[in-house]
Amino acid sequence: MTTDNPTTPSDTGHRYTSELAGRLELRWQDRWEEEGTFDAPNPVGDLAPDTAQLSDGAKYFLMDMFPYPSGAGLHVGHPLGYIATDVVGRYRRMRGDNVLHALGYDAFGLPAELYAVQTGRHPRETTLENIANMRRQLRRLGLGHDPRRSFATIDPDFVKWTQWIFLQIFNSWYDDDLNRARPIDELIAEFENGARDVPGGAVWADLSAAEREEVIAGYRLAYISDAPVNWAPGLGTVLANEEVTADGRSERGNFPVFKRRLRQWNLRITAYADRLIDDLDRVDWPESGKLMQRNWIGRSHGAQVQFAVPGIDEPIEVFTTRPDTLFGASYMVLAPEHPLVEVLAADAWPAHTDTRWTGGSATPAEAIAAYRARAAAKSDVERQENKEKTGVFTGAFAVNPVNGEQIPVFIADYVLMGYGTGAIMAVPGHDERDFEFAQVLGLPTPRVIDGEGDLPFTGEGPLVNSSNAEISLDGLSVAEAKQRIIAWLEEQGTGQGTTTYRLRDWLFSRQRYWGEPFPIVYDEHDTPIALPESMLPVELPEVPDYSPRTYAPDDVESEPEPPLARATDWVNVELDLGDGPKTYRRETNTMPNWAGSSWYELRYTDPHNTERIADPANERYWMGPQEQRRPNDPGGVDFYIGGVEHMVLHLLYVRFWHKVLFDLGYVSSEEPFYRLFNQGYIQAYAYTDARGAYVPADEVVEAEDGTFTYHGEPVQREYGKMGKSLKNVVTPDEMYETFGADTFRVYEMSMGPLDVSRPWETRAVVGSQRFLQRVWRLVVDEETGNARVTEDDLDSATLGILHRTIAGVRADMEELRFNTAIAKLIELTNHLTKQSVSARGALEPLVQMLAPFAPHLAEELWERLGHDATITYVPYPEADPRYLVAEEVTCVVQVQGKVRGKLQVSPDIAEDALTEIALAEPNVVRTIDGREIRKVIVKAPKLVNIVV
RNA sequence: GCCGGGUUGGCGGAAUGGUAGACGCGAUGGUCUCAAAAACCAUUGUCCGAAAGGGCGUGCGGGUUCGAGUCCCGCACCCGGCACCA
């Protein structure tokens, strides 16, 4: 529908059109780059200023979550967070802070590899192209980044340090007594000199090298284990727990995930469970986010209790959070896979065994085998779908340590091998799951806690029926009883207080090509050996095929086969690792995509350092604890913006690595991110036709009755993500073209609060453009292009509005309320426009306050107002309290809480005088209608409420 | 099921317990124009009324208060996380 507009007189180049905006935006972007406007100086190293000192301003380290350079390019939703951090950074610079803001790229990962598999092109090649494209799209936004500090995780220089950190983790162990990680050499020394007993009672000196390494592997923070892992045949790789959704599928690709026993690398994140929970109290994060991490780590306090089984050496060990209900334990359940099951299973059913307990089998062994086979055939999903309790009796009885009672031992799949000890004492009277099971199998349900309500009763109440010859819990509260019984169990040696976590160790190897190789080789005994730092980085070999072997998504029997295994020349390598040249075999798994993002915050502080991850002086300056600002400060990045979806994965991993590096003395900060903010998302509508196929959203029209049509055909509207396949993508490039980057930035910031998701609406963007055009017209004469500024004094109305705006906008900026800050700037602009104010005293502060949002326009206007230097470091306007008080305020007069009149009064009017005027207001008099006035509430000068 | 967050005009959203709907979009009317676009000006929660003014309005039901979108209790729905975790 577009027609070529003839050039009108007003279109001669002095109007703030998208075309003019684009011209001046490019000009300022070039100038910022040339002048290094956003370069942040370091205390030491190559980025330290030549002239000795840093500015005296406070440091402010600002970060966005690492972007993945997608081949699809950006849509308008992606820059939301980048614009917000840029606004913060520009505001802080005007507040005098030394701001560090840069952006790197998280460039290893599955999409690039999948694309490489499809096209045969090397993922490095396509990834670098994508990075270049994304850099171009983001540069056009006018972000105030320090370009010298940008990097990508695939840079060999970065990979080197990722591998180096892995080696530090590999060469460390967690000292539970000192509650920190220590170098593995110190552990070996303790074994050697006898300060620490070797587990299993062996003598260190008598062990072979391989045996010693096996012992040490039990301590290393990075270790290989042969344990059940999440195997996704459809992806051809194993996954961490965090990468598997609640319904048992891969987060990426949505493939079914199976539990398989496989030899894989793990990182001992569980050693840090307590600190990862406790230190959440020291950071400024959204409470909801902290909660997600606390829940994921899942710390629960309770007790381990040993139940003896007559005739068996080893007792059954259970974990319970309710040791207070021990007297109510009427049976036990082991997970089907529990190693003790074979040991304690009876040869035959005891006499009079309930037929519900036997599963119809002739012997316990048979029943167990049948039950196990059925459980193993079920995927995690099926296990969850069917929550009806099932189980079989083992034929064995265990002894309840508090009352000597013999209680039956079952196996049932509602007890999970992976949590606690894989065995429970069942208290059907006070646990819903145990109660259900007891109902199914006809087991007794004794009550040991009094209270209103039927069994199962999980509430609070005094203990009953809980005493033996030595101890009585009767009458105690749940909390008291827990304490008492734990003490008694410890005394008896049949149990102890303990803490259990839901968190598992981090499965750290993947069968992928496009990731960091492990700096590990194996010798002839299959012992993993760390490569020396001098051999880093270990670079990826060229391979003919980038794909791991993938299988049918439900092929449970399949085996992982990493692509690097096929690079045999690379895998088998001759090295001299101190015992002369020998042939070694390289590790063929690669690190997960989370590796690079687990430490990248540190690299921004010293991106080119070849000797260390970052010089301690630089790390300390940008990230060190700020004790003078807040007590017990863990340090970290001052402000980090990103999406909630990284709350559990990335943010748990990065905190873990940071703490390891802290323990080993490489960093001074205990937490990577002091303040975290989760931004919302820009959502979009998508439309499907009668067949359910997506139709281009920008060609859908809304009818009068609120329905939607595409080419005359009715379509269904849905709301959600923006995406290529949904045919509803709007790109920043389109916005630059149609409106300019400043308009786009202002629109995104004015749409609503930063943490709330909201729908994109292209046609609403014009409102922001109109606003910027009005600002432009205040400063520039559209006919001549000259500045219109005058040196007039401000009238009192303008003074008042200006200073109230400054005060309000400043407060909004501090609290990230950019939408209301912009609204206030629009109000000021509208006032100046209506009153035709062109006084410098009003225009300059407006331009200054606009600068964080529309930096190019602000620079241009600042220059036209007669300033040579960039507006970036011009101090932010300050409100003069003298002008904050209006000459007149509106007083609302209410009768019975309803507004019946308004008065213009002086702000310092006395209450009596105000009451008098209010009672005289004609409409108020009419409403009162002669009724008796019972009470008058006066909040001078804003409100009078008359109660009749 | 458990935990967390939310529900305000046609739409996005504003509101220290004190004028509900700032600001913006859209819509309607107007200025300019041969015309259109752009820009600018005005109106715009809803109902009654010519107007003055009034009734009703922040998911639903109660409560506290002179006064509640805001505080308390109960409920519905939506979004997110976890889910047989002992």
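Numbered from 1 within each chain, the chains take letters A, B, ... in sequence-line order.
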Problem set entry | Stacked cation flag Lys389(A) on Phe437(A), 6.0 angstrom / 45 deg | no
State whether [X] places a side-chain N or O below 4.0 Å from either non-bridging phosphate oxygen (OP1 or OP2) of [N].
X	N	result
Arg294(A)	C82(B)	no
Asn295(A)	A83(B)	no
Arg774(A)	G24(B)	yes
Arg926(A)	G54(B)	no
Arg770(A)	A39(B)	yes

Can you check the [X] [atom1] to [N] [atom2] distance for me, whole Å?
X	N	atom1	atom2	value
Gln683(A)	C78(B)	CD	C1'	13 Å
Asp431(A)	C2(B)	CG	P	15 Å
Tyr681(A)	G80(B)	OH	P	11 Å
Lys721(A)	G80(B)	NZ	C1'	13 Å
Asp413(A)	A86(B)	CG	P	17 Å
Leu291(A)	G81(B)	CG	P	14 Å
Gln769(A)	C25(B)	CD	P	11 Å
Asn678(A)	C79(B)	CG	C1'	15 Å

Exercise. Could one point to a donor on the side chain of Lys824(A) or the base of C23(B) with an acceptor on the other under 3.5 Å away?
Worked result: no
Using the [atom1] atoms only, state how far [M] lies from [N], rounded to an integer number of Å.
N	M	atom1	answer
G69(B)	U8(B)	C1'	7 Å
C23(B)	C41(B)	P	13 Å
C11(B)	G26(B)	C1'	7 Å
A52(B)	G67(B)	C1'	26 Å
G55(B)	U7(B)	P	28 Å
G59(B)	A76(B)	C1'	8 Å
A27(B)	C79(B)	C1'	31 Å
U19(B)	A68(B)	C1'	15 Å

For this session: Classify the ring geometry between Tyr687(A) and Tyr685(A) as parallel (under 30°), tilted (30 to 60°) or perpendicular (over 60°).
Result: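 The arrangement is tilted - the two ring planes meet at 30° to 60°.
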Exercise. Should the pair Tyr16(A) and Trp776(A) be assigned to parallel (<30°), tilted (30 to 60°) or perpendicular (>60°) ring geometry?
Worked result: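 Rings of Tyr16(A) and Trp776(A): tilted, 30 to 60°.
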Any chance the side chains of [X] and [Y] put a donor and an acceptor closer than 3.5 Å?
X	Y	result
Asp274(A)	Tyr501(A)	yes
Tyr653(A)	Glu242(A)	yes
Asp755(A)	Asn678(A)	no

Exercise. What nucleic acid atoms does Arg299(A) come within less than 4.0 Å of, heavy atoms only: base, sugar-phosphate, or nothing?
Worked result: nothing
For this session: Scan Ser300(A) against the nucleic acid and name what it touches under 4.0 Å (heavy atoms): base, sugar-phosphate only, or nothing.
Result: sugar-phosphate
Could you tell me whether [X] atom [atom1] has more than 12 heavy atoms of other residues or ligands within 6.0 Å of it?
X	atom1	value
Gln896(A)	CD	yes
Glu737(A)	CD	no
Asp454(A)	CG	no

Throw together a table of side-chain donor-acceptor distances under 3.5 angstrom for residues 285-293 of chain A, partners on residues two or more places apart or in other chains.
{"unit_1": "Trp285(A)", "atom_1": "NE1", "unit_2": "Phe673(A)", "atom_2": "O", "d": "3.1"}
{"unit_1": "Lys290(A)", "atom_1": "NZ", "unit_2": "Leu280(A)", "atom_2": "O", "d": "2.9"}
{"unit_1": "Lys290(A)", "atom_1": "NZ", "unit_2": "Val283(A)", "atom_2": "O", "d": "3.0"}
{"unit_1": "Gln293(A)", "atom_1": "OE1", "unit_2": "Arg655(A)", "atom_2": "NH1", "d": "2.6"}
{"unit_1": "Gln293(A)", "atom_1": "NE2", "unit_2": "Met647(A)", "atom_2": "O", "d": "2.8"}

Among [options], which nucleotide has an atom closest to any side-chain atom of [X]?
X	options	value
Ala764(A)	C23(B), C25(B), G81(B)	C25(B)
Thr320(A)	A86(B), G24(B), A38(B)	A86(B)
Phe319(A)	A86(B), C84(B), C3(B)	A86(B)

Problem set entry | RNA chain B: 5'-proximal contact among Trp296(A) and Gln896(A) (nearest heavy atom) | Gln896(A)
For this session: State plainly whether the residues Glu243(A) and Arg252(A) are in salt-bridge range, i.e. N to O under 4.0 Å.
Result: no
Exercise. Do Lys824(A) and Asp812(A) meet the salt-bridge criterion of a basic N to acidic O distance under 4.0 Å?
Worked result: yes
For this session: Would you sketch RNA chain B in dot-bracket for me? Only Watson-Crick or G-U wobble pairs with both distances under 3.5 Å count, crossing pairs as [ ], other-strand pairs as |, the rest as dots.
Result: (((((((..(((.....[....)))((((((.......))))))((((....))))..(((((..]....))))))))))))....
Problem set entry | Base versus backbone protein contacts along nucleotides 7-21 of chain B [heavy-atom cut-off under 4.0 Å; B, S, -] | -----SSSS--BBS-
Problem set entry | Chi-angle category of G9(B) [syn within 90° of 0, anti beyond] |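 The base of G9(B) is oriented syn (glycosidic angle within 90° of 0).
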